[in-house]
Amino acid sequence: MSEKPWLTAEAGCYTEANLVHMEPGCVIIGIHGLANKPPVDEKTRWWKTAIAEGFSRNEGLTRPEFLFEFVYWADLRYDAPLSDDNNREPYRPYDGMGRLPAVEKTPATTVTDVLAPLYAGIDRVEEATGVTLVDDLILEHRFDDLWHYHVEQSFARQVRARLTERLRAFREHRILLVAHSMGSIIAYDVLRLLESQDPSLQVEHLITAGSPLGLAKVKLKFEAEHGVLRVPNNVTAWTNLADGEDVVAIMGALDAGYEPNHAGVHIVDQRVVNQYCRPDGEPNHHKSYGYLRVPEFSRIARRYAATAQHEVRSTELA
């Protein structure tokens, strides 16, 4: 048997036609974030493989079985997928064996610890005045896709439609929705809209990772479209994962900026250690694959996998 069984994981895509022959169960639905991506089949496979790696290393599950669906929207912004030659950040399994670094390994002081208080002051001024010059600069030059999402209504409608359709296709399932980076903005918009458009549709758990939901510009956009900032009423749990070195998640914690929903559900902020490195060894603390295999993610996501028959005991996981 391979020492890294998660590397054999299949992409796990299902069409709506397949659902006729499936019993209602659990599904993990992912939506990606900023910038161009590899082809959809490859990106889907890498997300699922990263999740499976976390299951194996953090939870002691070999060859975990789980239904995974991926919402891919990069083709709406880019003429062709990212080629292998231009992809500096492919999926690579983490070195070694055993449990991956958890939050207790976080440095005492991180980049966001330094920048967050500074940005918080800017954030308060921007929200109070409605003038978001700093955020405009950040979004236009660092988060180009998000800039277009905010100003191009047709693009925003297309992206939202893809996630909406996937959620509706799996409405009879227990849904874990995983939204990375800009994907968390799309997810929030869709969930708030579905509150009135399709109130019976429920997401059991929302996980946001490396999320820019703390930016003043983003919050003001949400308030203009949806009203008061709060947890969507169709979500029964929301966990926000943020690495302390991830500048995209500059505000880190989100709970203080979003009220609980009508059922009292609030955001649970969780600092994590995202140790993804590019093939050249350069770290990227924002990368989706790193977030998808942290122990804090695996602990939540394992409830959406049929894994009881695969559990193994390992002293490395103690």
Query - Evaluation steps, salt bridge (charged side-chain N to carboxylate O under 4.0 Å, His left out), between E204 and R303 - result: CA-CA 11 Å; E204 186 172 275; R303 298 197 293 268; 5.8 Å; no

Are any of the side-chain heavy atoms of [X] and [Y] separated by less than 4.5 Å?
X	Y	answer
R162	I186	no
L201	R168	yes
D189	Y149	yes
P232	H226	no
F297	T239	no
K37	L82	no
D198	R171	yes
I207	Y291	no

Query raised in the report: After noting the C-alpha distance and the side-chain angles of E53 and S56, does the key distance pass the side-chain contact (heavy atoms from CB on, under 4.5 Å) rule?
Result: CA-CA 5 Å; E53 179 185 359; S56 179; 5.9 Å; no

Closest approach of [X] to [Y] (non-hydrogen atoms, all atoms of both residues):
X	Y	answer
V27	E69	CG2-CG, 4.2 Å
D145	F155	O-CE2, 3.9 Å
P295	P101	CD-O, 3.4 Å
S211	T208	CB-CB, 4.1 Å
S181	P212	O-CD, 3.3 Å
G214	K219	O-CE, 3.4 Å

Requested in this report: Could you go through the side-chain contact (heavy atoms from CB on, under 4.5 Å) check for L220 and E223 one step at a time?
Outcome: CA-CA 5 Å; L220 287 169; E223 288 178 320; 3.7 Å; yes

I'd like to know if the side chain of [X] and the backbone of [Y] have a donor-acceptor N/O pair within less than 3.5 Å.
X	Y	answer
N58	L100	yes
R57	G96	yes
Y258	L213	yes
N234	L191	yes
H180	H286	yes
N274	Y276	yes
N36	A80	yes
N261	V235	yes

Does [X] share a hydrophobic cluster with [Y], counting links as ILVMFWY side-chain heavy atoms below 4.5 Å and allowing steps through other members?
X	Y	result
I175	L193	no
L229	V218	yes
V268	V273	no

Report task. May I have the step-by-step check of side-chain contact (heavy atoms from CB on, under 4.5 Å) for H285 and V247, ending in yes or no? Result -> CA-CA 8 Å; H285 299 283; V247 179; over 6 Å; no

Query - Crowding at CG, D280 (>12 non-hydrogen neighbours, <6.0 Å) - result: yes

Mind telling me whether [Y] and [X] have parallel, tilted or perpendicular rings, with 30° and 60° as the class edges?
X	Y	value
F70	W47	tilted
Y91	W46	tilted
Y72	H32	perpendicular

Atom pair [atom1] ([X]) and [atom2] ([Y]), whose distance is rounded to the nearest 0.5 Å:
X	Y	atom1	atom2	result
H205	L177	NE2	CG	10.5 Å
E259	H266	CD	NE2	13.5 Å
I29	Y304	CD1	OH	11.0 Å
Q197	T164	CD	OG1	7.0 Å
I185	L215	CD1	CG	7.0 Å
Y289	R293	OH	CZ	10.0 Å

Query raised in the report: Is NZ or CZ of R302 both nearer than 6.0 Å to the six-membered ring centre of F55 and within 45° of the ring axis?
Result: no

Report task. Applying side-chain contact (heavy atoms from CB on, under 4.5 Å), run through E42 and D84 and close with a yes or a no. Result -> CA-CA 11 Å; E42 184 175 84; D84 288 342; 3.8 Å; yes

**Report entry** Salt-bridge contact E225-R192 (side-chain N to carboxylate O under 4.0 Å)
**Finding:** no

